[in-house]
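One structure below.
Labels below follow one simple rule: chain letters A, B, ... track the order of the sequence lines, proteins then strands, and each chain is numbered from 1.
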2 protein chains.
Amino acid sequence: MTIKQVSEIYNISQDTLRYYEKVGMIPTVNRNKSGIRDYTEQDLDWVQTAICMRSAGLPVDVLVEYLKLYKQGDETFEQRLQLLKNQYDKLLKQREQINQTLQKLDYKISRYEIAVKTGKLSWE
Amino acid sequence: MTIKQVSEIYNISQDTLRYYEKVGMIPTVNRNKSGIRDYTEQDLDWVQTAICMRSAGLPVDVLVEYLKLYKQGDETFEQRLQLLKNQYDKLLKQREQINQTLQKLDYKISRYEIAVKTGKLSWE
DNA sequence: ACTTGACTTGGAGTGCACTCCAACTATTAA
DNA sequence: TTAATAGTTGGAGTGCACTCCAAGTCAAGT
């Protein structure tokens, strides 16, 4: 599968795909005789995971570290587990932060809905 | 209240507080005769809200726009309402993204917990 | 009187995550 | 055969959100 197809499937730029590979967030993708990337199913798994993790806010360097450990083999199970748990905890905190902000926004929105009707913003 | 106290209460740098004011995310804080910021209760409300919104990921320019509308007065209730609703929707999506990633991480973590025990990563 | 320390400003610098660019190569279509 | 299209690389540039810095002011302590 070409980089173009992958970029269309996952709605991500080709530049970003090349960038993820360059920095080591995903393993090197095999090239055909003319040097063009040919993504395998496994490559797609890595791409998918990378996109998922990044869109939740996991830092690039953490994902690079994960792949580095992965490439080192079975000796790094514990380190990978630790890394994943760390990120899990951080995401829980981030979700909590979002929940707080949603509450605050909800409160403000309800006040503005009244304000739009009455022309006045109450108890400010 | 001085900038030092505010920065300690909210655990944010003085530089960041000055930055928020400079770009217009919070209203201008009054200075005393010697030109030093003296934060009022209202200022603290703005600071608190700014920090809350930022830590959930709302962009600076959106918060700047909100303050700009706020300063324009009652004519902008609807625009402010719309802005807040937009951000609310974005946060819901972001939370959904985090939930998906948490699921994925949870799955990986459970596999690694077994791997650490058995020395093998199953069905890979 | 002088030093110390906390503050002020405008503006430069940093780190992150892309995003774009120039120069090049290979394949296909006219 | 030539032009268009789609890919390649290394490296430069961008946008965001701070973060740091230099040069200065002011109030309090010795």
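In this entry the distance linking CG of Asp15(A) with P of dC20(C) reads 7 Å, nearest Å. Taking atom NZ on Lys4(A) and atom C1' on dT27(C), their separation rounds to 15 Å, with Å as the unit. Atom CD in Glu21(A) sits roughly 18 Å away from atom P in dA17(C) (whole-Å rounding). Spacing between atom NZ of Lys22(A) and atom P of dA17(C) amounts to 15 Å, rounded to whole angstrom units. For Leu17(A) and dT8(D), the CG to C1' distance is 14 Å, given to the nearest whole Å.
Listed pair Arg31(B) / dT9(C) meets the phosphate criterion, a side-chain N or O lying under 4.0 Å from OP1 or OP2. For dG7(D), one of the phosphate oxygens OP1 or OP2 lies less than 4.0 angstrom from a side-chain nitrogen or oxygen of Thr2(A). One finds a side-chain N or O of Arg54(A) lying less than 4.0 angstrom from the OP1 or OP2 phosphate oxygen of dC18(C). Between Tyr20(A) and dC18(C), a side-chain N or O to OP1/OP2 separation shorter than 4.0 Å is present. Within the 4.0 Å cut-off from OP1 or OP2 of dT8(D), at least one side-chain nitrogen or oxygen of Arg37(A) is found. For dT19(D), one of the phosphate oxygens OP1 or OP2 lies less than 4.0 angstrom from a side-chain nitrogen or oxygen of Thr16(B).
When the nearest nucleotides of DNA chain D are assigned to Lys33(B) and Val60(B) by heavy-atom distance, the more 5′-ward of the two goes with Val60(B). Along DNA chain C, the nucleotide nearest to Ser34(A) and the one nearest to Ser34(B) differ in position, and the one closer to the 5' end is contacted by Ser34(B).
Gln87(A) and Lys108(B) share no donor-acceptor pair across their side chains, judged by distance under 3.5 Å alone.
Atom-to-atom distance recorded for Glu96(A):CD and Ile98(B):CD1 is 11.0 Å, nearest 0.5 angstrom.
Between Tyr66(A) and Trp46(A), the two ring planes are tilted [angle within 30° to 60°].
Of the candidates Gln97(B), Gln94(B), Lys93(B), Gln97(B) is the only one forming a side-chain hydrogen bond (donor to acceptor under 3.5 Å, both in side chains) with Ser55(A).
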